[in-house]
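The chain is numbered in sequence order, starting from 1. For the numbers below, each heavy atom of this structure counts, side chains included, while hydrogens, waters and symmetry mates do not. For ligands, and for the atoms within them, numbers begin at 1 and follow the listed sequence.
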Amino acid sequence: MKILFVSSEVSPFAKTGGLADVAGSLPKALRKTGHDVRIIMPFYHCVESGNFTIKKARKGFEVPVDGIMQKGLLRQTTLGDIPVYLVGKKEYFQRPNLYGTSAGDYPDNSQRFGFFCQGVLDLLKRLDFRPDIIHCHDWQTATIPYLIKNEHKDDPFFSKTALVFTIHNLAYQGIFEREALSSFGLDDSHFTVDRLEYYGKINLMKGGILSADVINTVSNAYCREIQTEEMGCGLHGVLQQRAHDLYGILNGIDYQDWNPSTDPLIFKNYTAATLSGKAANKKELQKALGLEQNPTTPLLGMITRLSSQKGLDLLETLLPKLRKENLQLVLLGSGDEKYMKMLSSLRHTPSESLSINLCFDLALSRKIYAASDMFLMPSLYEPCGLGQLIAFRYGSVPVVRKTGGLADTVFDIRDGVREPNGFTFDDYTPAAFWNAICRALDEYKDRKKWDKMVRNGMKSDFSWDHSGRDYEALYDKALKKIRQ
Ligand code: ADP
């Protein structure tokens, strides 16, 4: 199959969260099984200034954004042997961040992604690459299926291409004022309730859901949740309308990349059979972060975007209690100003038990996964969650709220499972979170039982081997649909 991945972030080139991990690892898994996979993404500043080999391509393109023809350029790099096309325009993508600052989104995001989506379609023709599958992700690329099914519906170039749309997080929908239609080269006829209109604005995610041949999200639990009024973020009706074409496929992670036995960025490599290596990581991280170097003090890690989704208000309430316990907490996060402020105020009190790191730092993240005994994810909702999957791999036991992909992957002793791999709680309350932490701290005291749980996580398989096959089956379904 010829498969084009269209994503606004792809690891290792540009990353703000789990989408980048998926867009950087699923293509590799599909390539391994023999598909012709290519990726297309914006040519951000971080890609240009990163340590990547970028080739110039002679092809440029031109698309209408708000009624003015805007010229773009094409660059190319590779991910292994996968071609990666980079869609460039200085004015739109030469910025310090991908979507905005901690104060909010860039005000011209509709123009930036209108330019990108239209540019992708234009470039495919110039490259004469006719994919069997165009696989789009989240609101930033949701307009691609919409444009193909509406503006290009009689265009023979796309007549044999099936469109797959993956929802990584339904809460971010790409909602803009009506005028933003023209950023995508669309006129006012698209401002109707059966098209892009949504409570007096336009909603790009809605367009993707309505137009793709098949839609999926990143866990079975989240797939069920988003069809309910409570968790459908206002799009449950549209999703219910497409229920027959809506699937859940659990994310995987790249087991070669996330591998404690080879990871060059951690202090010491280890496996499930050599957990003393994990203890060495803990010792070194404690030293590096100014924490007391004590091997028996439980070390709790948390690595997260700082957004209301991630349960930071629960953490805030519990902090005074946590600080009284015999434990250490290492947090790494960046994001919303509100949480940056809340957490940075804590940094002023020197502490041997608390380390707050307010930045995006891949090397530090790996050291925390390797050093921590427990990994906290008290999310309000979680489409899949990669943090807990990486934590399993590095032998850190997740303590999570039972929602979305966390509910599908973390199994508590209380669930009656034979091989528990973590601790879960149901109610989104500080008390329930506290209770789960206390149960984990209690279990930690019994080294033998604890190590067994660590190993249960380490030997589980959340690589792309399973989910890659599920995506192949999903692509087959999409192709069948357009051939009907
Ligand atoms: P989301 O996609 O909602 O942010 P996931 O759990 O699916 O959450 O994925 C988060 C990914 O981003 C993981 O790979 C995690 O390690 C990484 N990450 C989050 N915050 C940071 C940070 N401040 N520094 C480095 N990596 C981070």
field: Charged N-O contact under 4.0 Å between Lys28 and Asp257
entry: no
- request: List every atom of ligand 1 that sits less than 4.0 Å from any heavy atom of Ser365, numbering the atoms from 1 in the order shown and giving each element.
  value: 25 (C), 26 (N)
task: Among all protein heavy atoms, pick out the one at the shortest distance from atom 16 (O) of ligand 1; state its residue, atom name and that distance to 0.1 Å.
output: Tyr369 OH, 2.7 Å
- request: Report the distance from atom CG of Leu318 to atom CG of Leu376, rounding to the nearest 0.5 Å.
  value: 9.5 Å
field: Closest protein heavy atom (residue, atom, distance) for atom 2 (O) of ligand 1
entry: Gly18 N, 2.6 Å
field: Reported CG-to-OH distance for the pair Asn169 and Tyr381, which is rounded to 0.5 angstrom
entry: 4.0 Å
- prompt: What residue and heavy atom of the protein are closest to atom 24 (N) of ligand 1, and at what distance?
  reply: Asp361 N, 3.1 Å
field: Contact (N/O only, under 3.5 Å) between Gly387 and ligand 1
entry: yes
- prompt: Are there more than 12 heavy atoms of other residues, nucleotides or ligands under 6.0 Å from atom NZ of Lys452?
  reply: yes
Distance from atom 22 (C) of ligand 1 to nearest protein heavy atom, with residue and atom: Phe360 CD1, 3.4 Å
field: Residues Glu48 and Arg75 bridged, charged N to O under 4.0 Å
entry: no
message: Less than 4.0 Å is my threshold; does some heavy atom of Lys15 fall inside it relative to ligand 1?
response: yes
field: Contact with ligand 1 for Lys310, non-hydrogen, under 4.0 angstrom
entry: yes
field: Region of Leu386 that comes within reach of ligand 1 [heavy atoms, distance under 4.0 Å]
entry: both
- request: Enumerate the atoms of ligand 1 whose separation from the nearest heavy atom of Ile390 is less than 4.0 angstrom.
  value: 14 (O)
query: Tell me, which protein residue and heavy-atom name are nearest atom 4 (O) of ligand 1, and how many Å apart are they?
result: Arg305 NE, 2.8 Å
task: List the atom of Leu246, the atom of Cys223, and the distance in Å for their closest heavy-atom pair.
output: CG-SG, 3.9 Å
message: Under 4.0 Å, counting heavy atoms only: does Cys384 come that close to any atom of ligand 1?
response: no
message: Please work out, at 4.0 Å between heavy atoms, whether the side chain, the backbone, both, or neither of Thr304 comes within that distance of ligand 1.
response: backbone
field: Proximal ligand 1 atoms for Gly333, defined as those under 4.0 Å from one of its heavy atoms
entry: 23 (N)
statement: For atom 18 (N) of ligand 1, the closest protein heavy atom turns out to be Ile303 CG2, 3.8 Å
task: Classify the contact between Cys359 and ligand 1 as side chain, backbone, both or neither, using a heavy-atom distance cut-off of under 4.0 Å.
output: backbone
- prompt: Which bit of Leu364 gets closer than 4.0 Å to ligand 1, counting heavy atoms only: side chain, backbone, both or neither?
  reply: neither
message: Suppose we call two aromatic rings close when their centres sit under 6.0 Å apart. Are His135 and Tyr471 close by that rule?
response: yes
message: For Lys287, is the NZ atom crowded, meaning more than 12 foreign heavy atoms sit under 6.0 Å from it?
response: no
query: Considering residues, nucleotides and ligands other than Lys15, do more than 12 of their heavy atoms fall under 6.0 Å from its NZ?
result: yes
field: ligand 1 atoms in contact with Asp21 (distance to a heavy atom under 4.0 Å)
entry: 11 (C), 13 (C), 14 (O)
- prompt: Are Phe392 and Trp258 close enough, and set up right, to give a ring pair (Phe, Tyr, Trp, His ring centres under 6.0 Å), and what steps lead you there?
  reply: CA-CA 10 Å; Phe392 286 143; Trp258 297 105; over 10 Å; no
query: Under a 4.0 Å N-O cut-off, is there an ion pair linking Arg439 with Asp412?
result: yes
